[in-house]
Amino acid sequence: MITFVDQVTLHLRAGDGGDGCTSIKREKFKPLAGPDGADGGDGGSITLVADHNTTTLLDYHHRPHRQADSGGPGAGDFRNGARGENLVLPVPVGTVVKDLKGNLLADLSEAGMELLVAQGGQGGLGNAALASRKRIAPAFHLLGVPGWQGDVVLELKTVADVALVGFPSAGKSSLIAAMSSARPKIADYPFTTLHPNLGVVQAGENRYTIADVPGLIEGASEGKGLGLEFLRHVERCSALLHVIDCATLEPGRDPVSDLKVILRELENYQVPKGQLPLIERPQLVALNKIDIPDAKELAEFVAKEFEDMGYPVFLISTASREGLKELNFALSELVASARAASIPTTSKRFSLISTKKEETSFLVRKESISASDVYRILGAKPERWVAQTDFSNADAVGYLGERLQKLGVEDELLKAGAIGGSTVIIGEGNGVVFDWEPLIDSVAEMVEEFRTDSKADGTQRRTNPERREKYYEMMNERARGRAERQAVREASVFLEEEDK
């Protein structure tokens with residue numbers, strides 16, 4: 001049965017936005033009192049919060065699929081749809097959030113840190129909100145935008161001041177039990193500790209935490225034994241305490257060789273960019289099990305060699321508690337120095353969602369698909385507008401064309417080399433495909449294009465100069481008609497005067 005999980009993949013889906021509503025207000029003596037369709041509600045977002053009361057990722061291991069509530073649809077009589085409830089997921093302090101490629105997204109290293117990881121979809125506008133002086137009674141509404149969905153990796157890295165490192169059965173679990181109130185599993189066989197144990201140690205007025213992590217063997221940096229699962233938890237500690245077994249009976253092992261093996265594995269392990277390598281962090285050596293006469297004699301013999309290597313050395317016994325007081329205060333001073341030198345660089349609340357300034361930008365990219373030139377439009381706004389459009393409604397499609405033109409998409413397409421009839425795709429992958437026609441000056445023109453397809457009957461749409469020339473011809477014809485009628489009236493008056 002699994003009792004400890006320090007890495008899990010979450011499958012997240014934020015709530016979808018609710019659709020807007022198309023409605024016309026009807027009252028007695030007012031059959032068409034104007035649009036009253038309301039907006040859809042926004043979908044719920046998903047947030048990760050570092051919580052001291054959460055100590056494992058076990059719950060997310062059993063239930064990795066999490067979804068926030070969707071927004072409700074709008075209704076007539078200006079009744080907005082309900083907003084989807086946000087989903088807050090508590091995670092242990094020290095959780096690192098990554099994408100599936102291993103890129104770091106956030107480090108929740110302090111209690112109370114919040115990360116907005118999945119944005120809820122925006123609710124669609126009703127026809128009441130779309131009404132304007134030019135569009136008095138819109139016969140369409142906007143659809144709700146789907147919420148973000150994707151996968152993130154949660155990786156728990158134990159947050160402690162001091163990490164106990166050493167070979168299996170070196171006495172690390174016994175040491176943390178002797179120095180704190182923690183009660184880890186202790187037995188006389190290797191790899192008793194399968195997951196980290198935290199203990200809080202008091203040294204005078206100072207308090208610090210120590211972590212008892214799974215034992216280290218040669219090749220751990222390459223994944224042997226518990227390997228990377230062990231070293232991942234050492235990353236967060238500011239100091240290391242080497243616990244050396246001076247009473248081991250294994251052939252080929254001695255305190256000096258054990259330390260060299262551990263140092264080599266610490267040096268080979270690659271910490272995340274920006275962190276201090278493990279081998280360069282403050283380190284102390286504790287020669288354990290000196291309650292055994294032979295072990296004490298060996299510890300006294302090798303202590304001078306360790307000191308010459310630059311490591312403070314302490315002879316201890318977890319059974320008789322000899323030397324633990326001196327070790328406790330030495331670790332306390334080391335931790336106090338590390339805390340004084342550390343400066344927090346992260347904010348308490350941050351988000352993975354792009355800012356509004358970034359949303360205004362878009363990109364027009366020329367691609368070749370099946371030996372044909374295709375122009376792809378990428379950008380937060382164009383892609384969101386497409387998701388909001390009901391393509392079965394000609395008015396809604398016309399409104400989309402108007403928005404894209406105002407954003408400057410048409411100008412960028414012309415610069416990229418697009419011509420009338422070019423294939424344009426909005427969004428990644430398949431996206432939304434349509435044949436682009438330039439020089440669309442109004443919503444009415446866009447709607448007319450979709451109602452009567454000029455390509456189907458073989459005719460060519462008129463350009464603006466052609467329309468203007470036709471208009472002038474019509475006005476000139478009207479002026480000639482008025483002049484002729486006026487001449488007839490004047491001639492009639494003259495004839496009547498001659499008869500008299």
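Numbering starts at 1 and runs along the sequence shown.
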Y311 and H242 aromatic ring geometry - parallel, tilted or perpendicular at 30°/60° bounds: perpendicular
L327 to M179 - nearest heavy-atom pair and separation: CD2-SD, 4.4 Å
Q122 side chain reached by Q388 side chain, heavy atoms, under 4.5 Å: yes
4.5 Å side-chain heavy-atom contact, I425 and E367: no
Side-chain heavy-atom pair L259, Q283 within 4.5 angstrom cut-off: no
Backbone of A319 reached by a side-chain donor or acceptor of K289 within 3.5 Å: no
Under 3.5 Å donor-acceptor, R79 side chain and G74 backbone: no
Closest approach of V162 to C237 (non-hydrogen atoms, all atoms of both residues): C-SG, 4.0 Å
Gap between atom SG of C21 and atom NE2 of H141 - 0.5 Å precision: 7.0 Å
D373 vs S422 side-chain heavy atoms within contact, under 4.5 Å: no
Main-chain N/O of D16 paired to S70 side chain as donor or acceptor, under 3.5 Å: yes
Minimum heavy-atom distance between A295 and A247, given as atom pair plus value: CB-CB, 3.9 Å
Exam field: side chain N80 to backbone D39, donor-acceptor pair closer than 3.5 Å: yes
Under 3.5 Å donor-acceptor, Q119 side chain and G121 backbone: no
Backbone N/O of V145 and side chain of R384: donor-acceptor pair under 3.5 Å: no
Heavy-atom pair with the smallest gap, counting every atom of Y375 and A416: CE2-O, 3.4 Å
Check: S45 side chain, G120 main-chain N or O, donor-acceptor pair, under 3.5 Å: yes
Set of residues satisfying side-chain hydrogen bond (donor to acceptor under 3.5 Å, both in side chains) with respect to R83, sequence neighbours excluded: D42
Main-chain N/O of T209 paired to D161 side chain as donor or acceptor, under 3.5 Å: yes
Rounded distance (nearest 0.5 Å) linking atom CZ of R13 with atom CD of Q67: 5.5 Å
Residue list, side-chain contact (heavy atoms from CB on, under 4.5 Å) with E412, at least two apart or on another chain: F362, V364, K415
Spacing of Q7 atom CD and T9 atom OG1 [to the nearest 0.5 Å]: 7.0 Å
Minimum-distance pair of heavy atoms, taken over all atoms of I316 and G323: CG2-O, 3.7 Å
L154 and V97, any side-chain heavy atoms less than 4.5 Å apart: yes
From NE2 (H62) to CG (L57), nearest 0.5 Å: 11.5 Å
Derivation of the side-chain contact (heavy atoms from CB on, under 4.5 Å) call for T423 and D435: CA-CA 5 Å; T423 302; D435 294 334; 4.0 Å; yes
Sub-4.5 Å side-chain heavy-atom contact between V165 and L278: no
Short side-chain to backbone donor-acceptor contact, S180 and V201, under 3.5 Å: no
Value rounded to 0.5 Å, distance of CG in D258 from CG in L263: 11.0 Å
Side-chain heavy-atom pair F329, N206 within 4.5 angstrom cut-off: no
Enclosure of E297 CD (heavy-atom neighbours >12, cutoff 6.0 Å): no
CD1 on I262 to CD on E267, rounded to 0.5 Å: 14.0 Å
D291 versus S320, side-chain donor and acceptor atoms under 3.5 Å: no
Heavy-atom donor-acceptor pair, R281 side chain to L240 backbone, under 3.5 Å: no
Check: Y399/D390 side-chain N/O donor and acceptor closer than 3.5 Å: no
Chi angles and distances behind the side-chain contact (heavy atoms from CB on, under 4.5 Å) call for L404, I426: CA-CA 11 Å; L404 292 176; I426 299 181; 3.9 Å; yes
Considering all heavy atoms, the nearest Y60-P90 contact: OH-O, 2.5 Å
For N86, all residues meeting side-chain hydrogen bond (donor to acceptor under 3.5 Å, both in side chains), sequence neighbours excluded: none
Test item: V313 and L315 side chains (from C-beta on) under 4.5 Å apart, heavy atoms: yes
Verdict with reasoning, N328 to F314, per side-chain contact (heavy atoms from CB on, under 4.5 Å): CA-CA 10 Å; N328 185 6; F314 298 87; over 6 Å; no
Test side-chain contact (heavy atoms from CB on, under 4.5 Å) applied to L175 and L241, step by step: CA-CA 11 Å; L175 179 59; L241 175 62; 3.8 Å; yes
